[in-house]
Amino acid sequence: MSEQDRKHDVFISYSTKNSDVANKVCYVLEQNNLKCWIAPRNISSGRIYIDEIGDAIKSTKIVVLIYSVDSQESKYVNNEINMAFSNNKKIISFNIDNSMPKENMEYFLKITQWLSAYPDPEAEFETLVKDALELCNETSDVPILVDLTHFNDNDLSKHKKDYVSLILLFTPIYWASFIYMGMSSNKKLWTLMGLVYLIPTIMYLVIKFGIWGYLFVYYDMLALFGEIFIIFWILAIIHGFVIRNEYLTRKSVLRFTSADKDLFKYLYDEYLRL
């Protein structure tokens, strides 16, 4: 990607808990010819994410902060606003709740432009666009366009759905759920756990079908492994629900990050809180 291709007008800073609003803001701003930079859409695979974000902030005209109590608590949002402040970028704080900034965020936002968008952010989109156009020194006789009819929310959290692993947990091949989760989320430990959960099934089948004619001799052993099978099944269901949020998050983040470990950590830390 060339330097010219990376140029944009607006850097959007937000907590992933507010990604629904952030994505709509991006959509509306770009409807009005303001090119936006927003994570994870604009993070390039193979680049160090901190450098990518730093370059994006330095090359932007303005920063739009989707401010809320969640962005206040996000270390990534705080770092982004710190960088914006340090690079003398104009900041619009689009406040989507009635909380007040505190600590470092209060200092950074003291002289910025605040736009109250609580309790209905969409009602203030037109004002936000006007303010952004003005700060970007973009003038046009074309009326402001705010049309969400064809908006397609690509929020990462919407991809956090997977029913295959859940269904497998409640079948006799429950161990396959862990193998599936491990392979689809690149977590070797879960694949290994699937193989461990498979052991009682293998032993039970070996005893049941391998010595069928002498079943009366090994009845106690067959019953024992049958009980172990049930116990492991119950433990696997509990274990599966414990790791489910981590699994769904890992799988979702991998859709965007490929093999970039730094980018994975950046997105994973944020989306794990969803």
Side-chain angles (χ1 to χ4, degrees), residues 1 3 6-30 34-97 99-117 121 128-129 131-132 135-136 154-157 249 253 256-257 260-274:
M1 181 182 294
E3 188 67 25
R6 290 208 305 268
K7 292 295 183 182
H8 51 275
D9 302 300
V10 182
F11 179 98
I12 300 177
S13 178
Y14 70 101
S15 162
T16 51
K17 286 191 174 182
N18 307 135
S19 55
D20 54 340
V21 176
N23 287 328
K24 287 179 181 178
V25 165
C26 179
Y27 183 81
V28 169
L29 290 175
E30 292 188 335
L34 288 172
K35 190 173 181 180
C36 297
W37 194 103
I38 184 171
R41 185 191 71 177
N42 293 100
I43 297 181
S44 305
S45 178
R47 294 197 71 215
I48 299 175
Y49 79 90
I50 293 179
D51 292 342
E52 181 104 350
I53 290 175
D55 290 345
I57 291 174
K58 289 175 184 177
S59 64
T60 196
K61 293 181 180 178
I62 68 170
V63 172
V64 170
L65 165 65
I66 311 300
Y67 180 80
S68 69
V69 66
D70 298 308
S71 57
Q72 170 72 55
E73 294 173 356
S74 170
K75 62 181 179 181
Y76 297 108
V77 172
N78 276 267
N79 288 340
E80 289 164 3
I81 298 305
N82 186 3
M83 279 190 272
F85 184 84
S86 299
N87 284 276
N88 297 314
K89 297 299 177 180
K90 299 173 183 177
I91 303 173
I92 299 178
S93 182
F94 192 66
N95 299 16
I96 61 173
D97 65 17
S99 65
M100 296 295 293
K102 56 185 178 181
E103 299 174 350
N104 289 344
M105 191 71 84
E106 180 182 13
Y107 175 76
F108 296 140
L109 299 182
K110 186 171 292 186
I111 58 174
T112 63
Q113 185 169 339
W114 287 28
L115 177 56
S116 178
L128 174 62
V129 172
D131 290 348
L135 289 179
C136 289
N154 289 317
D155 176 10
L156 192 64
S157 64
T249 303
V253 172
F256 292 89
T257 63
D260 190 328
K261 293 182 179 179
D262 289 331
L263 178 54
F264 177 88
K265 184 179 185 304
Y266 163 69
L267 292 175
Y268 180 79
D269 287 348
E270 283 286 273
Y271 279 90
L272 188 61
R273 302 188 300 118
L274 285 172

>> Would you compute the distance between atom CG of Leu34 and atom CG of Leu128 and round it to the nearest 0.5 angstrom?
In response: 9.0 Å
>> Working to the nearest 0.5 angstrom, can you tell me the gap between Asp55 CG and Met83 CE?
In response: 10.0 Å
>> So, using side-chain contact (heavy atoms from CB on, under 4.5 Å) as the criterion, who are the partners of Val69 when residues are at least two apart?
In response: Glu73, Asp97, Ser99
> How many angstroms lie between atom OG of Ser13 and atom CH2 of Trp37, to the nearest 0.5 angstrom?
Replying inline: 9.5 Å
> Does the pair His8 and Ser59 meet the rule for a side-chain contact (heavy atoms from CB on, under 4.5 Å), with working shown?
Replying inline: CA-CA 7 Å; His8 51 275; Ser59 64; 3.3 Å; yes
>> For Lys17 versus Asp70, what's the shortest heavy-atom pair and its separation?
In response: CD-OD1, 3.5 Å
>> Does Tyr14 form a side-chain contact (heavy atoms from CB on, under 4.5 Å) with Val64? I'd like the steps, not just the answer.
In response: CA-CA 9 Å; Tyr14 70 101; Val64 170; over 6 Å; no
>> Could you check whether any side-chain N or O of Ser93 sits under 3.5 Å from a backbone N or O of Asn95, counting only pairs where one atom can act as donor and the other as acceptor?
In response: no
>> So, taking the atom named CZ in Phe11 and the one named CD1 in Ile91, what distance separates them when rounded to the nearest 0.5 Å?
In response: 10.5 Å
>> Show, in sequence, the C-alpha distance, side-chain angles and deciding distance for Cys26 and Arg41, and conclude whether the side-chain contact (heavy atoms from CB on, under 4.5 Å) test is met.
In response: CA-CA 11 Å; Cys26 179; Arg41 185 191 71 177; 3.7 Å; yes
> With Lys89, which residues qualify under side-chain contact (heavy atoms from CB on, under 4.5 Å), at least two apart?
Replying inline: Ile57, Thr60, Val63, Ala84, Asn87
Cut-off 3.5 Å, no hydrogens considered: what does the side-chain donor-acceptor table look like for residues 105-112, sequence neighbours left out?
| from | atom 1 | to | atom 2 | distance (Å) |
| --- | --- | --- | --- | --- |
| Thr112 | OG1 | Leu109 | O | 2.9 |
| Thr112 | OG1 | Trp114 | NE1 | 3.2 |

> Taking Ser74 for the side chain and Ser71 for the main chain, is one N or O donor matched with an acceptor at less than 3.5 Å?
Replying inline: no
> What residues form a side-chain contact (heavy atoms from CB on, under 4.5 Å) with Lys61, not counting sequence neighbours?
Replying inline: Asp9, Cys136, Glu138
>> Return the OG to CG distance between Ser86 and Asn79, rounded to the nearest 0.5 Å.
In response: 10.5 Å
> About how many Å separate CD1 of Ile38 and CG of Leu29, when rounded to the nearest 0.5 Å?
Replying inline: 9.5 Å
>> Under a 3.5 Å distance rule, please check whether Gln72 uses its side chain to pair with a backbone N or O of Lys102 as donor and acceptor.
In response: yes
> Just by distance, do the side chain of Asn82 and the backbone of Asn78 share a donor-acceptor pair under 3.5 Å?
Replying inline: no
> Is the shortest heavy-atom distance from the side chain of Tyr76 to the side chain of Ile53 under 4.5 Å?
Replying inline: no
